[in-house]
Amino acid sequence: MRSYRDLFRTPEFTPLLLAASAQSLARTTSGLALATLVHRETASPLLAALSMFGPSLAHVLGATLLMSAADRLPPRAATAGTALAFAAATALLALPGLPLPAVFAVLLLQGLVASVGGGVGWGLLNEILPRDGYLLGRSVFSVMHGLTQITGYATGGLLLALLSPRATLLLAASLYGTAALVARLGLTPRPPRATGRPSVRATRLANARLWASPARRHVYLGLWIPNGLIVGCESLYVPHAPDSAGVLFACAAAGMLAGDVTVGRLVPPARRRRLATPLLLLLATPYLLLVLHPPLAVTAVLVAGASAGFGASLVQQERLMALTPPDLSGHALGLHSSGMLTMQGVSAALAGGLAQLTSPATTMTALAAVSTAVTLLLAATQPTTAARGASHPA
């Protein structure tokens, strides 16, 4: 599979992409609305960051307890059900007077649902596309994710100026409902990819198989830690620039879009395999300059340039799929997604706490420095195991 035309001719690819795009648009719009609502009510950078990225923390529970469901549930029903669950939860968050502990309880449930939903969706994409088409397909999803982030944050900022955070949350809930309808009508029924009932034991055994390979462990750490720390930087956009956070989020999404298009479509495979470390360094180093407190226009350019480095995840995911047996594809991708989002949530919490002690700009610079150091350490310790030999369960 060599072209976008081939990709969109593949049955079920388009409805899966549309459903994911509607959910991404809803997620960005509702995240900005909720973070703004919490920041207005509490004036706390920590709580604002956690309200936007806190659900990611629940992914560690989903990855350790529930992820076996990713390959053991019917994909169409699970995809539509996940979107409906998010619609209900987002509508609940819009209720006036909802106590802050209840808000975070709802976010915890959202994270648990999303941890399994990510594995179901990425496993289905891997099932729909031939093996040589996965990277191109995933790059299209990343491009669309970037576009919906730009649209979501720009629209969210406009809606917050015209309406209210709670009204914006209700609109996001309707988008989740639209995603559920698209998945239900556009996808065909498929049996689960693996037999057996989902269980904690099945999740633990599959995690052990995946984690037993040194090469896979190295890929997972590269997918989780460097970019998770940079998302911690992004979680501080609201306290760093309360009136212009939507601009920074949109610029970050635009940079990510450019990086994904370049890596997924324009770079030849032989050269692409060598880009993971340079892209991860690009992801972090522009944030080192924020300690100088540049004006908003310069900050926006730095953020956009840095976010092109998120294209590293496409290179790393391609390697992960080469290292993973087919019956664990959904679980492996779900574990990647959950681990990445968990690290993002941890980084958001860390960033919010440090920002309250120092400042958002100082904290973003510190997290970027740590991300750079981790990337260099991973580059120096990369295993030399061949992909084909490592693809078998340990």
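Any value given below was found using the heavy atoms of this structure, including those in side chains, with hydrogens, waters and symmetry copies removed. Numbering of residues begins at 1 and proceeds along the displayed sequence.
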Visitor: Any ion pair linking R138 and E318 (charged N to carboxylate O, less than 4.0 Å)?
Guide: no

Visitor: If only side-chain N and O atoms count, and only distance matters, is there a donor-acceptor pair under 3.5 Å linking T148 with T151?
Guide: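 On atom types as modelled, these side chains do not qualify, holding no pair under 3.5 Å.
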
Visitor: With rounding to the nearest 0.5 angstrom, report the NE2 to OG distance, H336 to S313.
Guide: 6.0 Å

Visitor: Does one hydrophobic cluster hold both L289 and V247, with members joined at side-chain heavy-atom distances below 4.5 Å?
Guide: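 L289 does not cluster with V247.
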
Visitor: Report the hydrophobic cluster partners of L185, with the cluster defined as I, L, V, M, F, W, Y residues connected by side-chain heavy atoms closer than 4.5 angstrom, directly or transitively.
Guide: L181

Visitor: Report yes if some heavy atom in the side chain of F310 is under 4.5 Å from a heavy atom in the side chain of L280; otherwise report no.
Guide: no

Visitor: Assigning hydrophobic clusters by single linkage (Ile, Leu, Val, Met, Phe, Trp, Tyr; side-chain heavy-atom cutoff under 4.5 Å), is Y176 placed with V113?
Guide: yes

Visitor: Ignoring hydrogens, what is the shortest heavy-atom contact between A355 and L236? Give both atom names and the distance.
Guide: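 Result for this residue pair: CB-CD2, 3.9 Å.
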
Visitor: Which atom names give the shortest non-hydrogen contact between R273 and V315, and what distance separates them?
Guide: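 That would be CA-CG1, 4.1 Å.
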
Visitor: So which heavy atom on L7 is nearest to which on L136, and how close?
Guide: CD2-O, 3.9 Å

Visitor: Does R166, at its CZ atom, have more than 12 non-hydrogen atoms belonging to other residues, nucleotides or ligands within less than 6.0 Å?
Guide: yes

Visitor: Check for a donor-acceptor pair, side chain of S30 on one end and backbone N or O of R27 on the other, with a separation under 3.5 Å.
Guide: yes

Visitor: Mind checking whether P165 and R40 have side chains closer than 4.5 Å, heavy atoms only?
Guide: yes

Visitor: Is a side-chain N or O of Y287 found less than 3.5 angstrom from the main chain of A369, in a donor-acceptor match?
Guide: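 Checked: no pair found.
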
Visitor: Consider only side-chain heavy atoms of I, L, V, M, F, W and Y, link residues closer than 4.5 Å, and tell whether L84 and L16 are in one cluster.
Guide: no

Visitor: Would you confirm whether S24, through its side chain, and S21, through its main-chain N or O, come within 3.5 Å as a donor-acceptor pair?
Guide: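 It does not hold such a pair.
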
Visitor: Taking H39 for its side chain and P239 for its backbone only, find out whether a donor-acceptor pair lies under 3.5 Å.
Guide: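 Looks like no, no N/O pair under 3.5 Å.
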
Visitor: For W211, is the NZ or CZ atom of R216 found under 6.0 angstrom from the centre of its six-membered ring and inside 45 degrees of the ring axis?
Guide: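 Verdict for W211: no cation-pi partner in R216.
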
Visitor: Parallel, tilted or perpendicular: which fits the ring planes of F13 and F8, with parallel below 30° and perpendicular above 60°?
Guide: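 Rings of F13 and F8: perpendicular, as their planes differ by over 60°.
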
Visitor: Do you know the tightest heavy-atom contact between Q110 and L93?
Guide: OE1-CD1, 4.2 Å

Visitor: Are side-chain heavy atoms of P192 and P74 found at a separation under 4.5 Å?
Guide: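 In contact.
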
Visitor: Indicate yes or no for a side-chain donor-acceptor contact from Q316 to the backbone of G222 under 3.5 Å, with no hydrogens or angles considered.
Guide: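 Confirmed, Q316 side chain pairs with G222 backbone.
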
Visitor: Would you please test S359 and T362 for side-chain hydrogen bond (donor to acceptor under 3.5 Å, both in side chains) and show each step?
Guide: CA-CA 5 Å; S359 71; T362 300; 2.9 Å; yes

Visitor: Report yes or no: does T28 contribute a side-chain atom to a donor-acceptor pair with the main-chain N or O of L25 at less than 3.5 Å?
Guide: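 Checking the backbone N and O of L25 against the side chain of T28, a donor-acceptor pair under 3.5 Å is found.
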
Visitor: Would you give the length of the straight line joining atom OG1 of T29 to atom CG of L171, rounded to the nearest 0.5 angstrom?
Guide: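 Taking OG1 in T29 and CG in L171, the distance rounds to 8.5 Å.
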
Visitor: Would you kindly confirm whether F249 and L159 end up in one hydrophobic cluster when ILVMFWY residues are joined by side chain heavy atoms under 4.5 Å apart?
Guide: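 No, F249 does not connect to L159 through the hydrophobic network.
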
Visitor: For the pair T82 and V120, evaluate side-chain contact (heavy atoms from CB on, under 4.5 Å) and give the outcome as yes or no after the intermediate values.
Guide: CA-CA 10 Å; T82 298; V120 171; over 6 Å; no

Visitor: Would L32 and F86 show up in the same hydrophobic cluster when neighbours are defined by side-chain heavy atoms closer than 4.5 Å?
Guide: no

Visitor: Mark yes or no for whether T365, through its side chain, and V291, through its backbone, hold a donor-acceptor pair below 3.5 Å.
Guide: yes

Visitor: Measuring only between side-chain heavy atoms, which start at C-beta, is I225 closer than 4.5 Å to V370?
Guide: no

Visitor: Is there side-chain contact between N227 and M343, with heavy atoms separated by less than 4.5 Å?
Guide: no

Visitor: Quick one: are L333 and M321 in side-chain contact, heavy atoms under 4.5 Å?
Guide: yes

Visitor: Kindly check if the number of other-residue, nucleotide or ligand heavy atoms within 6.0 Å of CZ (R201) is above 12?
Guide: no

Visitor: Could you tell me if the side chain of H331 sits less than 4.5 Å from the side chain of N207, heavy atoms only?
Guide: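 The answer is yes; the side chains approach within 4.5 Å.
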
Visitor: Assess the residue pair L109 and V106 against the criterion (side-chain contact (heavy atoms from CB on, under 4.5 Å)); give the C-alpha distance rounded to whole Å, side-chain angles, the decisive distance to 0.1 Å, and a yes or no.
Guide: CA-CA 5 Å; L109 291 175; V106 173; 5.7 Å; no

Visitor: T178 side chain to S174 main-chain N or O, any donor-acceptor pair under 3.5 Å?
Guide: yes

Visitor: How long is the span from the SG atom in C233 to the CG atom in L283, to the nearest 0.5 Å?
Guide: 8.5 Å

Visitor: If you apply the rule side-chain contact (heavy atoms from CB on, under 4.5 Å), what do you find for L314 with D260, and how did you get there?
Guide: CA-CA 8 Å; L314 292 176; D260 287 339; 3.7 Å; yes

Visitor: Is there a donor-acceptor contact under 3.5 Å from the side chain of T10 to the main chain of L129?
Guide: no

Visitor: Indicate yes or no for a side-chain donor-acceptor contact from S371 to the backbone of P226 under 3.5 Å, with no hydrogens or angles considered.
Guide: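 Flag set: sc S371 to bb P226 pair under 3.5 Å.
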
Visitor: Quick check: closest heavy atoms across V263 and R272, and the distance to 0.1 Å?
Guide: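 What the structure gives for the nearest pair is O-CD, 3.3 Å.
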
Visitor: Are any of the side-chain heavy atoms of L210 and Y220 separated by less than 4.5 Å?
Guide: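 L210 reaches Y220 side chain to side chain.
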
Visitor: Heavy atoms only: give me the nearest P75-P191 pair and the separation to one decimal.
Guide: CD-O, 3.9 Å

Visitor: Rounded to the nearest 0.5 Å, how far apart are OG1 of T363 and CG of L367?
Guide: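 With rounding to 0.5 Å, OG1 (T363) is 6.5 Å from CG (L367).
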
Visitor: Quick check for you: to the nearest 0.5 Å, what is the distance between D71 atom CG and E127 atom CD?
Guide: 9.0 Å

Visitor: Checking side-chain contact (heavy atoms from CB on, under 4.5 Å) for the pair W224/V374: CA distance, chi angles, key distance, verdict?
Guide: CA-CA 11 Å; W224 295 343; V374 171; over 6 Å; no

Visitor: After noting the C-alpha distance and the side-chain angles of E12 and R190, does the key distance pass the salt bridge (charged side-chain N to carboxylate O under 4.0 Å, His left out) rule?
Guide: CA-CA 11 Å; E12 298 185 82; R190 289 172 177 263; 2.7 Å; yes

Visitor: What distance separates R319 CZ from T324 OG1, expressed to the nearest 0.5 Å?
Guide: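 So the CZ of R319 and the OG1 of T324 are separated by 10.5 Å.
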
